[in-house]
Student: 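Would you mind keeping the following structure in view while I ask a few things?
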Number of protein chains: 2
Amino acid sequence: MARITIEDVASEAGVSVTTVSHVFSGNRPVSTETQIIVREVATRLGYHPNAIAQSLRSQRTNTIMIVVPDITNSFYPDYARSLQDVAAEAGFHSLLCNTDAREAEELAFLDEAMSRRLDGVVFTGFRVPPSGLEPLVDAGIAVVCIGSVPTASPLDSVRFDDRAAAAEATGFILERYGHRVALIYGDEEAPVGRERRLGFEQACRAAGIPREDLVVVLEEFNRAGGRRGMARLLARPERPRAVVCANDMIALGAVEVARDAGMRIPEDIAIVGHDDVDVATVVTPRLTTVRTDARRLGAEAGALLVSRMTGAYTGPGRHVTIPHELIVRESA
Amino acid sequence: MARITIEDVASEAGVSVTTVSHVFSGNRPVSTETQIIVREVATRLGYHPNAIAQSLRSQRTNTIMIVVPDITNSFYPDYARSLQDVAAEAGFHSLLCNTDAREAEELAFLDEAMSRRLDGVVFTGFRVPPSGLEPLVDAGIAVVCIGSVPTASPLDSVRFDDRAAAAEATGFILERYGHRVALIYGDEEAPVGRERRLGFEQACRAAGIPREDLVVVLEEFNRAGGRRGMARLLARPERPRAVVCANDMIALGAVEVARDAGMRIPEDIAIVGHDDVDVATVVTPRLTTVRTDARRLGAEAGALLVSRMTGAYTGPGRHVTIPHELIVRESA
DNA sequence: CTGTTAGCGCCTTCAT
DNA sequence: ATGAAGGCGCTAACAG
């Protein structure tokens with residue numbers, strides 16, 4: 001139970017703590033002979049360097065935090081994994097944190113990152129705006145914001161052009177299935193939610209659909225939200241001919257309800273999603289959707305973050321927009 | 001950039017560091033007046049207690065580690081979330097760690113847990129056996145092992161009876177579709193993989209199928225593995241009438257390939273999965289599967305872990321088996 | 001190539 | 001109700 005310290009190893013090996021420290025860090029040459037003895041003693045005693053003490057002393061934790069709104073939407077595990085790979089490559093561990101898109105959780109994790117003196121944070125905020133990240137930057141933490149930030153922001157950011165993507169999907173639908181379209185989206189306050197709605201409206205406006213004819217229902221960014229949304233749409237006197245869903249989880253739920261109602265997709269009702277998560281090709285019919293590549297998002301964010309943490313880059317905020325792509329499958 | 005310390009707050013507020021410390025910890029009465037001043041100064045200066053220093057001193061990190069083999073299998077996010085909820089309730093943060101079922105990663109995370117002096121670990125090991133967790137216990141870390149452990153093990157454990165579950169699923173298939181069955185499983189070395197294969201074989205034996213007639217293909221525990229597995233089965237001279245898949249991800253891939261080959265499910269080929277992940281009801285036909293409740297697994301594991309960490313329980317290892325349930329839907 | 005020593009920021013006796 | 005001071009385990013000057 002008593003933890004073995006560097007001192008125990010040093011005295012048992014008959015050397016100074018400095019030497020033991022350097023055997024492990026490799027920051028200074030140590031004679032091969034001494035190395036062997038120290039390592040032998042360390043394993044025999046079961047010594048594990050105390051990372052807490054190391055961090056306190058060195059001011060580095062070698063750890064980053066990845067904050068996501070919903071770990072059960074497979075977009076985020078995919079994203080997080082590729083981000084972790086990049087971080088691990090550079091020697092950083094990562095904490096994966098789930099906020100459920102709640103402001104309190106988002107703030108708590110940012111606070112946590114400050115308290116633990118983490119080296120970096122990649123933040124997907126649904127409630128806290130980019131400006132909420134600036135205290136971290138002031139504290140010397142590398143920060144990458146997923147989503148749009150003001151052009152002058154000191155923060156690095158990676159985003160998709162969600163508005164354009166939604167407009168593109170909507171335009172496609174409009175052209176193929178006419179003007180009787182509807183939107184199910186998931187979160188009015190979250191940037192993705194808002195942007196995708198704006199994109200939908202923009203495309204409708206461009207097609208000459210009067211504002212008051214717009215059918216838009218607000219639910220949640222998950223399958224249950226999609227079910228409820230589609231149920232609401234089908235309960236309307238005039239059913240839509242096509243439905244744009246603000247993400248694939250919503251689309252999954254929408255497909256489910258439409259099929260259970262005996263409708264054929266896309267013959268009776270067409271459905272388009274966003275993200276192109278893995279399940280998009282599991283459902284029948286396979287989802288037509290806008291791919292926003294999760295892996296690429298993670299990789300880009302990881303690269304920006306690492307370059308900050310290693311000091312390879314120290315300039316003003318860099319802003320990356322990753323291209324999206326409409327993937328036409330069977331649902332529309 | 002210069003981090004604010006407790007000392008900065010103390011001097012600015014005109015009190016001792018001791019007092020500031022107690023204002024935040026609440027471990028000792030502090031006059032209301034002083035409290036107000038200290039808190040005001042702290043927020044004004046942007047003081048965040050240094051969790052690293054706190055941990056070094058107090059020997060507690062208030063953090064647990066959740067180790068999973070594959071974060072992209074939605075069973076694990078579901079599990080992890082409910083575990084996190086239990087842990088958070090008790091005031092613990094959690095690190096979610098993904099091993100990709102690689103031994104090196106599993107060992108690295110255990111090492112990491114030791115080094116960071118974490119308070120608890122919940123480990124789902126595909127390579128490292130339960131005995132590999134004992135050093136953590138010796139170091140005073142609370143440990144819960146997901147899966148079977150030797151009865152005399154000091155470790156707490158939570159598991160499903162995977163062998164019985166697979167036998168049950170197989171028995172159901174055998175009775176309904178006759179003896180021409182096959183198994184696609186995902187990992188010979190991992191306990192779940194082995195147990196589910198044994199359960200399959202046990203049920204086949206009980207039905208009087210000779211050992212040499214058993215059709216068993218080994219792939220990976222994911223959708224691609226299911227695709228390859230089904231392709232191999234369909235390439236055989238005598239195609240199976242029914243296929244048991246060692247988890248739902250495999251089943252998803254299997255369904256995909258069977259459908260693409262123009263087969264009707266379950267009329268031409270029946271398919272049964274394991275786990276009952278959320279996607280099991282997305283695919284057409286909806287999967288018949290054995291439910292091993294991920295949320296419940298997380299909740300039970302969390303409860304055991306927390307009781308150890310708080311000292312509410314200090315006895316020998318407790319071993320929980322969670323019941324499974326065959327869910328008959330459309331695929332078999 | 002190796003050793004001595006001063007903190008990193010905080011909590012916690014002990015003292016008042 | 002408040003302070004002073006030691007030490008948690010380690011790294012990085014500084015000193016040979």
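The figures that follow rest on heavy atoms only: side chains count, while hydrogens, waters and symmetry mates do not. Fair warning: this is a prediction, and the values are worked out from it, not measured in the lab. In what follows, every chain begins at residue 1, and chains take the letters A, B, ... in the order their sequences are listed.
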Student: Evaluate side chain to side chain contact (heavy atoms under 4.5 Å, CB included) for B/Ser16 paired with B/Val20, printing each intermediate quantity in order.
Tutor: CA-CA 7 Å; B/Ser16 72; B/Val20 176; over 6 Å; no

Student: Is the phosphate of D/dT11, meaning OP1 or OP2, less than 4.0 Å from a side-chain N or O of A/Asn27?
Tutor: no

Student: Within the structure provided, determine whether A/Pro49 and A/Tyr47 are in side-chain contact (heavy-atom separation under 4.5 Å).
Tutor: yes

Student: Anything under 4.0 Å to a heavy atom of chain A counts; send over the first and last such nucleotide of DNA chain C, read 5' to 3'.
Tutor: C/dC1 to C/dG9

Student: Among side-chain atoms of A/Ser157 and A/His319, is any donor-acceptor pair under 3.5 angstrom?
Tutor: yes

Student: Can you tell me how far P of D/dC10 sits from CZ of B/Arg117, to the nearest Å?
Tutor: 7 Å

Student: For B/Thr63 and A/Arg116, which I'm curious about, is there any donor-acceptor pair between the side chains at under 3.5 Å?
Tutor: yes

Student: Would you kindly say whether B/Ser21 and B/Thr18 are connected by a side-chain donor-acceptor distance under 3.5 Å?
Tutor: no

Student: Measure from the side-chain N and O atoms of B/Asp70 to the backbone N and O of B/Asp100, and report whether any donor-acceptor pair falls under 3.5 Å.
Tutor: no

Student: Give a yes or no on whether the backbone of B/Arg295 and the side-chain of B/Asp293 come within a donor-acceptor separation of less than 3.5 Å.
Tutor: yes

Student: What's the separation between atom CD1 in B/Ile322 and atom CG in B/Leu297, rounded to the nearest 0.5 Å?
Tutor: 5.0 Å

Student: Using the side-chain contact (heavy atoms from CB on, under 4.5 Å) criterion, which residues pair with A/Arg318? Sequence neighbours excluded.
Tutor: A/Asp156, A/Leu304, A/Ser307, A/Arg308, A/Tyr313

Student: Measure CG/A/Asn62 against P/D/dT11 and give the value in whole Å, please.
Tutor: 12 Å

Student: Which atom pair, heavy atoms only, marks the closest approach of B/Thr99 to B/Glu105?
Tutor: O-CG, 3.3 Å

Student: Can B/Arg81 be said to sit on top of B/Tyr76's aromatic six-ring, NZ or CZ under 6.0 Å from centre and within 45° of the ring axis?
Tutor: no

Student: Starting from P on D/dT11, measure out to NE2 on A/His22 and report it in whole angstrom.
Tutor: 8 Å

Student: Is it true that atom CD of B/Glu40 has more than 12 heavy atoms of other residues, nucleotides or ligands lying nearer than 6.0 Å?
Tutor: yes

Student: Return the angle between end axes of the helix from C/dC1-D/dG16 to C/dT16-D/dA1, with five pairs used per end and rounding to 10°.
Tutor: 30°

Student: In whole angstrom, give the distance that lies between atom CZ of B/Arg116 and atom C1' of D/dC8.
Tutor: 17 Å

Student: Are the side chains of B/Ile146 and B/Arg159 in contact, using a 4.5 Å heavy-atom criterion?
Tutor: no

Student: Using a 4.0 Å cut-off on heavy atoms, which residues in residues 48-58 of chain B reach DNA chain C? List them by number, or say none.
Tutor: B/Pro49, B/Asn50, B/Ala53, B/Gln54, B/Arg57

Student: With distance as the sole criterion, is a donor-acceptor pair present between the side chains of A/Arg117 and A/Thr61 under 3.5 Å?
Tutor: no

Student: Just wondering, do B/Val38 and B/Val15 contact through their side chains at under 4.5 Å, heavy atoms?
Tutor: yes

Student: Considering only heavy atoms, which members of residues 28-36 of chain B lie under 4.0 Å from some atom of DNA chain D?
Tutor: B/Arg28, B/Pro29, B/Val30, B/Ser31, B/Thr34

Student: Any side-chain heavy atom of B/Val30 sitting closer than 4.5 Å to one from B/Thr19?
Tutor: yes

Student: Would you classify B/Tyr47 as touching base, sugar-phosphate or nothing, given that sugar-phosphate means primed atoms plus P, OP1 and OP2, and contacts are heavy atoms under 4.0 Å?
Tutor: sugar-phosphate

Student: In this structure, how many angstroms lie between the P atom of D/dC10 and the CZ atom of A/Arg60, rounded?
Tutor: 19 Å

Student: Can you list, by residue number, the residues of residues 10-20 of chain A that have a non-hydrogen atom closer than 4.0 angstrom to DNA chain D?
Tutor: A/Thr18

